[in-house]
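I have placed the structure first, in the form of structure tokens, so that the comments after it can refer back to it.
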Amino acid sequence: MGDLTHEDGRPAPRYDALLVVSFGGPEKPDDVMPFLENVVRGRGVPRERLLEVEAHYQRFGGVSPINRQCRDLIAALDVDVPVYWGNRNWHPFLEDTVRQMAADGVRKAAAFATSAYSSYSSCRQYIEDIARARAAVPDAPEIVKLRHYFDHPGFVAAMVDHTRQALERLPEPRREQARLVFTAHSIPISMAKTAGPAGGAYEAELRRAAALVAAEIPGDRPWDLVWQSRSGPPHIPWLEPDVCDHLEALHASGTEAVVLVPIGFVSDHMEVVYDLDVEAKALAERLGLPLSRAATAGIHPRFVAMVSELMAEPEPTPCPATCCPAPVRHPR
């Protein structure tokens with residue numbers, strides 16, 4: 001398809017559709033528990049943890065921001081092909097979307113996942129989701145997942161802008177001493193060790209992205225990478241330190257102020273608005289630690305433009321079958 005041209009000589013698109021693939025989220029109170037059960041199926045997450053997380057969603061009316069933000073991103077995109085949207089865990093489900101794409105005659109689509117990094121849950125699982133959906137749909141289109149974009153200039157520029165804006169929201173006497181604390185979703189250490197072709201890619205990519213952003217912030221500020229949103233059984237080790245534990249340690253060491261930068265996320269979904277805007281904010285207030293939270297990439301113009309730039313790149317080489325293997329599920 002990439003060798004075809006329009007009548008005026010312009011290259012025809014390599015893809016005849018774009019598929020936005022995301023995590024999904026509930027959009028009313030009755031959706032919350034069925035959604036969470038989809039998310040954790042087969043993972044051995046204790047019921048009490050589900051009830052705890054359900055309460056987080058109900059605090060916000062049972063609505064996750066992620067679906068609205070997917071709609072906003074799709075509305076902002078400037079691409080020359082139809083745009084479709086399918087989720088892993090909630091409506092619109094990916095299989096239903098792929099069925100619609102087939103009915104519409106789509107033959108080859110680019111898939112943009114709302115996750116920038118390597119790991120089973122942030123990359124390989126989306127590849128499996130796409131393969132499962134295609135297998136269930138007769139005459140399904142070919143779907144090519146676009147590459148990881150943690151270091152793409154568009155993603156970095158968006159996070160630099162939002163980090164600078166967060167700094168400006170701090171009181172001026174503390175602004176110059178503010179420390180940057182980059183956050184990402186914690187994952188089991190066993191998953192982190194096997195992320196990417198040679199292992200360790202999830203942490204390495206996050207540190208690379210954080211370093212790229214920090215380098216553009218004036219003042220040569222110290223920065224850290226910490227973790228949030230742990231959800232697994234307590235006996236399974238996950239990446240640490242937790243963001244709240246780290247804020248307490250920073251306060252005890254005399255840190256003047258903190259900017260939280262959710263570098264591991266591309267939109268303000270529930271883990272961001274609850275774990276950072278509720279829990280971390282409340283802790284910082286108790287400690288008397290000035291804190292400002294940077295926005296995620298969202299629909300920043302450079303991030304939006306990045307999607308079409310990724311589509312114009314050479315088709316990515318498929319990951320090897322051994323890359324980011326599925327985690328071993330441990331009994332409770």
- Message: A quick test of your reading: do over 12 heavy atoms of other residues, nucleotides or ligands sit less than 6.0 Å from CG of Asn38?
- Response: yes
- Proximity of Tyr57 and Tyr274 rings by center, below 6.0 Å: no
- Item | Backbone of Pro141 reached by a side-chain donor or acceptor of Arg134 within 3.5 Å | yes
- Just by modelled atom types, is the Gly25 backbone N or O under 3.5 Å from a matching donor or acceptor in the Asn67 side chain? yes
- Determine yes or no for a side-chain-to-main-chain donor-acceptor pair under 3.5 angstrom, with Arg207 supplying the side chain and Tyr202 the backbone. no
- Is the shortest heavy-atom distance from the side chain of Val79 to the side chain of Met311 under 4.5 Å? yes
- Item | With Lys145, the side chain to side chain contact (heavy atoms under 4.5 Å, CB included) member among Ile127, Leu19, Asp129, Val21 | Ile127
- Tell me, yes or no, whether the heavy-atom count around Arg208 atom CZ, taken from other residues, nucleotides or ligands under 6.0 Å, exceeds 12. no
- Are Phe150 and Phe303 co-members of a hydrophobic cluster defined by side-chain heavy atoms under 4.5 Å apart? yes
- Atom of Glu95, atom of Val137 and distance for their closest heavy-atom approach: O-CG2, 3.9 Å
- Is the closest side-chain heavy-atom distance between Glu271 and His269 below 4.5 Å? yes
- Note, Asp224 side chain near His246 side chain (heavy atom, < 4.5 Å): yes
- Query: So do the side chains of Lys108 and Val144 get within less than 4.5 Å of each other, counting heavy atoms only?
  - Reply: yes
- Task: Give the minimum heavy-atom separation between Tyr120 and Cys324, together with the two atoms involved.
- Result: CD1-O, 3.5 Å
- Are any of the side-chain nitrogens in Arg147 or Glu315 under 4.0 Å away from the carboxylate oxygens of its partner? no
- Are any of the side-chain heavy atoms of Trp223 and Val213 separated by less than 4.5 Å? no
- Query: If you round to the nearest 0.5 Å, how far is CD1 of Ile74 from CZ of Phe112?
  - Reply: 10.5 Å
- Would you give the length of the straight line joining atom CG of Asp277 to atom CE of Met270, rounded to the nearest 0.5 angstrom? 10.5 Å
- Task: Please check if the side chain of Glu27 supplies one atom and the backbone of Ser64 the other of a donor-acceptor pair under 3.5 Å.
- Result: no
- Message: Treating Arg221 as the side-chain partner and Leu180 as the backbone partner, does any N or O pair qualify as donor plus acceptor under 3.5 Å?
- Response: no
- Query: Of the non-hydrogen atoms in Ile143 and Ala111, which two are nearest, and what is the gap between them?
  - Reply: CG2-CB, 3.6 Å
- Query: With no hydrogens and no angle check, is any side-chain donor or acceptor of Arg14 less than 3.5 Å from a backbone partner on Glu313?
  - Reply: yes
- Ignoring hydrogens and angles, tell me if any N or O in the side chain of Asp242 forms a donor-acceptor pair with the backbone of Gln228 under 3.5 Å. no
- Task: Would you confirm whether Asn87, through its side chain, and His91, through its main-chain N or O, come within 3.5 Å as a donor-acceptor pair?
- Result: yes
- Just how far is it from atom CD1 of Ile263 to atom CG of Leu212, taken to the nearest 0.5 Å? 8.5 Å
- Message: Do Leu170 and Leu250 sit in one hydrophobic cluster, given that two such residues count as connected whenever their side-chain heavy atoms are within less than 4.5 Å of each other, even indirectly?
- Response: no
- Ile299-Val156 co-clustered via ILVMFWY side chain contacts under 4.5 Å: yes
- Message: Looking at every heavy atom in both Ala280 and Leu260, which two are closest together, and how far apart are they?
- Response: CB-CD1, 3.9 Å
- Note on the structure: Distance col, row Tyr149:OH vs Tyr117:OH, nearest 0.5 angstrom, shows 9.0 Å
- CZ/Arg179 to CG/Leu289 distance, rounded to the nearest 0.5 angstrom? 11.5 Å
- Query: Do you reckon Val243 sits in the same ILVMFWY cluster as Phe265, going by side-chain contacts under 4.5 Å, direct or chained?
  - Reply: yes
- Item | Donor on one side chain, acceptor on other, Asp104 and Gln100, under 3.5 Å | yes
- Arg124 and Pro325, any side-chain heavy atoms less than 4.5 Å apart: no
- Message: Quick check for you: to the nearest 0.5 Å, what is the distance between Leu287 atom CG and Thr255 atom OG1?
- Response: 11.0 Å
- Item | Given Ser118, Ser115, Ser122, the one that forms side-chain hydrogen bond (donor to acceptor under 3.5 Å, both in side chains) with His148 | Ser118
- Hey, any chance Val181 and Val273 share a hydrophobic cluster, counting ILVMFWY side chains that come within less than 4.5 Å of each other, even indirectly? no
- Does any non-hydrogen side-chain atom of Arg164 lie less than 4.5 Å from one of Ile217? yes
- Query: Within the distance-only criterion (no hydrogens, no angle test), does the side chain of Thr163 pair as donor or acceptor with the backbone N or O of Met159 below 3.5 angstrom?
  - Reply: yes
- With the side chain counted from C-beta on, respond yes when Ile187 and Ser121 share a heavy-atom pair under 4.5 Å apart, and no when they do not. yes
- Indicate yes or no for a side-chain donor-acceptor contact from Ser229 to the backbone of His185 under 3.5 Å, with no hydrogens or angles considered. no
- Item | Shortest non-hydrogen contact from Val304 toward Ala76 | CG1-O, 3.3 Å
- How close do Ala102 and Pro138 get, heavy atom to heavy atom, and via which atoms? CB-O, 4.0 Å
